[in-house]
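In this text the structure is predicted, and so the values were computed from the model without any measurement. Just so it is clear: chains get the letters A, B, ... in the order the sequence lines come, proteins before strands, and each one is counted from 1.
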Amino acid sequence: AQSVTQLGSHVSVSEGALVLLRCNYSSSVPPYLFWYVQYPNQGLQLLLKYTTGATLVKGINGFEAEFKKSETSFHLTKPSAHMSDAAEYFCAVSRMDSSYKLIFGSGTRLLVRP
Amino acid sequence: DSGVTQTPKHLITATGQRVTLRCSPRSGDLSVYWYQQSLDQGLQFLIQYYNGEERAKGNILERFSAQQFPDLHSELNLSSLELGDSALYFCASSVSGVTEAFFGQGTRLTVV
């Protein structure tokens with residue numbers, strides 16, 4: 001069975017500081033991995049995805065994530081936080097053999113301090 | 001704008017009632033997924049339809065059902081509603097063979 005663990009339900013950073021949101025997955029077959037962002041009272045917006053190929057994936061709004069198979073991790077980073085990055089971030093895993101349904105982590109709320 | 005439209009945005013109803021949530025997928029997307037987001041359960045996959053047929057089922061209660069119509073829009077029917085069914089219900093759509101799913105804005109259901 002697949003599962004996703006996001007370490008830290010809340011992460012607080014200063015504006016301009018590095019953002020690091022942690023995600024570890026469990027999957028018996030090669031997974032597809034995603035990061036979604038949810039702003040208040042909004043739906044989920046795809047930030048980036050890893051399916052195959054290059055393990056460093058660049059997404060929108062300056063975010064990137066690296067797939068590390070040996071560590072079963074897919075951590076999300078951004079070099080410099082902006083106030084507008086404050087939101088909830090969800091890591092998700094899916095697999096071709098399970099209809100591509102997304103299994104989500106519990107989410108990490110990012111707070112950005114001025 | 002993801003291109004996925006969900007109606008209504010908000011719904012308040014009483015326990016024991018039945019409601020229908022509607023989803024119009026992005027143009028060309030054959031696959032529709034329904035998810036429930038609640039404070040205690042997080043984001044949970046409910047059910048998936050592909051081109052009118054049920055493809056996968058998740059943690060969906062027997063009181064809940066869904067269907068996808070020939071024009072590819074989908075409806076999620078929730079019956080005998082309980083207080084615990086209060087949640088945000090999301091629809092997502094994707095193109096067949098592509099893993100990327102686009103989400104609608106959700107329907108916030110409040111059962112009183």
Side-chain angles (χ1 to χ4, degrees), chain A residues 1-10 21 23 25 27 29-53 57-61 65 67 74 87-109, chain B residues 1-7 9-10 21 23-26 29-51 53-60 66 68 87-108 110:
Chain A
Q2 306 164 81
S3 66
V4 177
T5 302
Q6 289 185 242
L7 294 174
S9 59
H10 291 80
L21 304 183
C23 172
Y25 69 90
S27 178
V29 298
Y32 299 140
L33 294 160
F34 306 81
W35 276 98
Y36 282 86
V37 60
Q38 185 179 27
Y39 298 101
N41 300 314
Q42 301 269 333
L44 284 86
Q45 180 183 9
L46 180 68
L47 277 178
L48 48 79
K49 65 178 180 181
Y50 169 79
T51 53
T52 58
V57 180
K58 294 189 185 302
I60 62 171
N61 302 339
F67 170 60
F74 191 58
E88 186 140 24
Y89 292 79
F90 292 92
C91 181
V93 62
S94 76
R95 285 172 15 196
M96 182 178 67
D97 63 346
S98 61
S99 78
Y100 297 118
K101 66 178 183 285
L102 292 163
I103 305 298
F104 285 93
S106 54
T108 297
R109 185 166 296 279
Chain B
D1 182 5
S2 67
V4 179
T5 303
Q6 289 188 248
T7 57
K9 286 189 168 45
H10 302 275
L21 312 184
C23 169
S24 295
R26 293 187 321 154
D29 284 359
L30 299 177
S31 206
V32 169
Y33 303 81
W34 286 97
Y35 293 86
Q36 180 194 58
Q37 185 178 33
S38 62
L39 283 175
D40 54 345
Q41 298 287 330
L43 270 160
Q44 298 281 321
F45 167 72
L46 294 178
I47 197 165
Q48 179 206 3
Y49 277 81
Y50 173 75
N51 202 20
E53 294 192 2
E54 184 183 302
R55 175 64 65 89
K57 226 169 186 177
N59 300 323
I60 188 166
Q68 186 179 28
L88 199 47
Y89 291 85
F90 285 110
C91 166
S93 72
S94 69
V95 175
S96 168
V98 174
T99 60
E100 185 171 330
F102 293 85
F103 282 75
Q105 298 280 321
T107 293
R108 182 170 295 281
T110 303

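Neither the backbone nor the side chain of A:Gln45 comes within contact range of chain B; no heavy atom of the residue lies under 4.5 Å from a heavy atom of that chain. In this structure, chain A has no heavy atom under 4.5 Å from any part of B:Gln6. Proximity to chain B (any heavy atom under 4.5 Å) is restricted, for A:Leu46, to the side chain, taken from C-beta onward.
With a 4.5 Å cut-off on side-chain heavy atoms, A:Val4 and A:Phe34 do not count as touching. At a threshold of 4.5 Å between non-hydrogen side-chain atoms, the residues B:Tyr35 and A:Leu102 count as touching. Within the 4.5 Å cutoff, side-chain heavy atoms of B:Trp34 are placed close to those of B:Leu21.
More than 12 heavy atoms of other shown residues, nucleotides or ligands fall within 6.0 angstrom of atom CD1 in A:Ile60.
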